[in-house]
Amino acid sequence: MPESIYKHITDIETSDKEVKVRGWIYRIRKMKDKIFVVLRDATGILQCIGKLEDLSEEAWDNLNEVAIENAIAVKGNAKEDSRAVNNIELVLTDFTIIHKGEVFPIAKDQSKEFMLDNTHLFVRSYKSTNIMKVKSNVLRAAREWFYDNKFYEVTPPILTGSACEGGSTLFDLKYFDQKAYLSQSVQLYLEALIYSLEKVYAITPSFRAEKMRTKRHINEFWHIEGEEAFVDFEGNMKIQEELVAFIVQYVLENNKKELKELERDTSFLEQIEAPFKKITYEEAINTLNENGHKLKWDDDIKTEEERDLSNLIGEPFFVTMYPSAHKPFYVKINEKDPRWCYSADLMAPEGFGEIITGGQREDVLKTLVERIIEEGWSPEDYEWYIDLRKYGSVYHSGFGLGAERLTWWLCGLDTIQETQPFPRTRNRVYP
RNA sequence: GCCACCAUAGCUCAGUCCGGUGGAGCAAUUGACUGUUAAUCAAUCGGUCGUAGGUUCGAAUCCUACUGGUGGCGCCA
């Protein structure tokens, strides 16, 4: 990489003389013979002071002209100063304008609506920047873990001709003269790829046309999906808990500054280590009923119940052995007791709830076809998928982790929308 | 898809219940200023009250429809 003559803010030391920095104006306070400028770059903020007596006439004029979010370049001498943020201040010797521009529209008070209309500018905010830095490490840690554990990263299609999760939540589109859909999950394609690579993963966008407005849903999210041959239900949970524990550790180590600035209390996160607690669906229901709920076998664990359960248990945990009727056709049914199937959800504590669904896949041709028909689909639409069970079918398992769900929990945010720089929600596909 | 709520200055809101000449703070502009921490002080600028109808002597305010948006739920990652 070519070396820059400019330093980044967090690299500046108090002994630096005539150091050059560039970025955007975060705050500015003008007085008669001195002006304080708080400069922002990708790494942090820095208070600069420009004094009339230290600057050329041109530099002083420039300094008087600028406003919030103008792009600037400065030169100055650093010194320790307890009156400045982070106890460091730059005494300016030069000040140039890169771009002055118009009045920045985002000020102290914003409504949610105004903020979402101006997402393209709001991404500059401190909070948004910190969240994106955490999310970057969530994705990086996931890739590192998969690499260390000999998984291959693959690139399955996002445009597809067949549904995975169900028709009502599918975005359809015109594909030349055919109909196509945006992927809801690349799981079925990963299942095809285990027959050559055995251990595969993909990080791709997934789309769900759910017309709902909640703190935990966005219509476009990034899906971290893994699939492995010769792995059963239990082995699959082991992969998930090790992956998640690794990501949690990675973020705790590498995003201390960001988590602190997001005012995240990390005491819960610090205790997390694999293996995670496992409770059956039945135990989950009993626990809930002991705490005021009234659920029967086969009832869904809904938002409120899931939140209560997540708060009650106080550590990450799997809910296992779900009733078969709740789960899609590809989930393997228990041969001895077909009432339940090999599917598990991983729940985050502190009320955040589900972040992964995973399980063992149906590997028997006959059962798979029956399940597809039972669900009202037509086997012809899934011919290629059914084919996978004809040529050396083996037991295998996989899972899908929501990158935003995980980031939402790690950052301890109010809504999951905050984890996407440009969240796609019911009413918003712009900007 | 269902339920609730909102729309007034560039931004955040008060004013609506109980109709009678549209307000504040921030931003912007101008000036003052002693090391400020989203500085302070003074002045100035800024509005077809979401749109269309209706009631009324008179509507931001009451009624109807529409449009846009926000929160919650069914679902799921």
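Each chain gets a letter, A, B and so on, in the order its sequence line appears, and its residues count up from 1.
- Remark: the A/Arg208 side chain and the B/rC75 base include no donor-acceptor N/O pair separated by less than 3.5 Å.
- Judged by distance alone with a 3.5 Å cut-off, a donor-acceptor contact links the side chain of A/Glu89 to the base of B/rG35.
- Geometrically, A/Lys278 does not engage A/Phe318 in a cation-pi contact defined by less than 6.0 Å to the ring centre and at most 45° from the axis.
- The side chain of A/Lys32 approaches B/rU34 more closely than any other nucleotide in the set B/rU36, B/rU34, B/rG71.
- Counting heavy atoms of neighbouring residues, nucleotides and ligands inside a 6.0 Å radius, atom CZ of A/Arg140 does not exceed 12 of them.
- Considering only side-chain atoms of A/Val103, the nucleotide from B/rA27, B/rG35, B/rU12 that sits closest is B/rA27.
- Nucleotides B/rA28 and B/rG47 place their C1' atoms 16 Å apart, quoted to the nearest Å.
- Spacing between atom CD1 of A/Ile218 and atom P of B/rC75 amounts to 19 Å, rounded to whole angstrom units.
- Backbone-only contact: A/Leu116 has heavy atoms under 4.0 Å from sugar-phosphate atoms and none from a base.
- Aromatic stacking is marked for A/Phe221 over B/rA77, as both cut-offs hold: 5.5 Å for the centres and 30° for the planes.
- Between the base of B/rC76 and the side chain of A/Arg405 there is a donor-acceptor pair shorter than 3.5 Å.
- Spacing between B/rA59 and B/rC63 at atom P, rounded to whole Å, works out to 16 Å.
- Rounded to whole Å, the C1' atom of B/rC6 lies 16 Å from the corresponding atom of B/rU51.
- Comparing B/rA60 with B/rG68, their P atoms sit 25 Å apart, to the nearest whole Å.
- When heavy atoms are screened at a 4.0 angstrom cut-off, A/Glu354 is found touching base atoms of the nucleic acid.
- With A/Leu401 as the partner, the side chain to side chain contact (heavy atoms under 4.5 Å, CB included) test is satisfied by one option alone out of A/Ile203, A/Ile355, A/Leu346, A/Val138: A/Ile355.
- Using atom P as the reference point in both B/rG25 and B/rU40, the two lie 13 Å apart (nearest Å).
- For the pair A/Arg213 CZ and B/rC3 P, the interatomic distance rounds to 15 Å; values are reported in whole Å.
- In this structure, A/Arg428 reaches the sugar-phosphate backbone alone: every heavy-atom distance under 4.0 Å involves primed, P, OP1 or OP2 atoms, never a base.
- Of the C1' atoms belonging to B/rC26 and B/rG58, the separation is 34 Å, rounded to the nearest Å.
- For the pair A/Arg339 and A/Trp297, the cation-pi criterion (under 6.0 Å, within 45° of the ring axis) is fulfilled.
- Here the shortest heavy-atom pairing between A/Gly412 and A/Phe352 reads CA-CZ, 3.8 Å.
- One N or O donor and one acceptor, one from the side chain of A/Glu306 and one from the base of B/rC76, sit under 3.5 Å apart.
- A salt bridge does not link A/Arg371 to A/Glu362: none of the charged side-chain nitrogens sits closer than 4.0 Å to a carboxylate oxygen.
- Straight-line distance between the C1' atoms of B/rC57 and B/rC45: roughly 35 Å, to the nearest whole Å.
- For the P atoms, the distance from B/rG46 to B/rC33 is 28 Å, rounded to whole Å.
- Between the CD atom of A/Gln417 and the C1' atom of B/rA77 there is a distance of 15 Å, rounded to whole Å.
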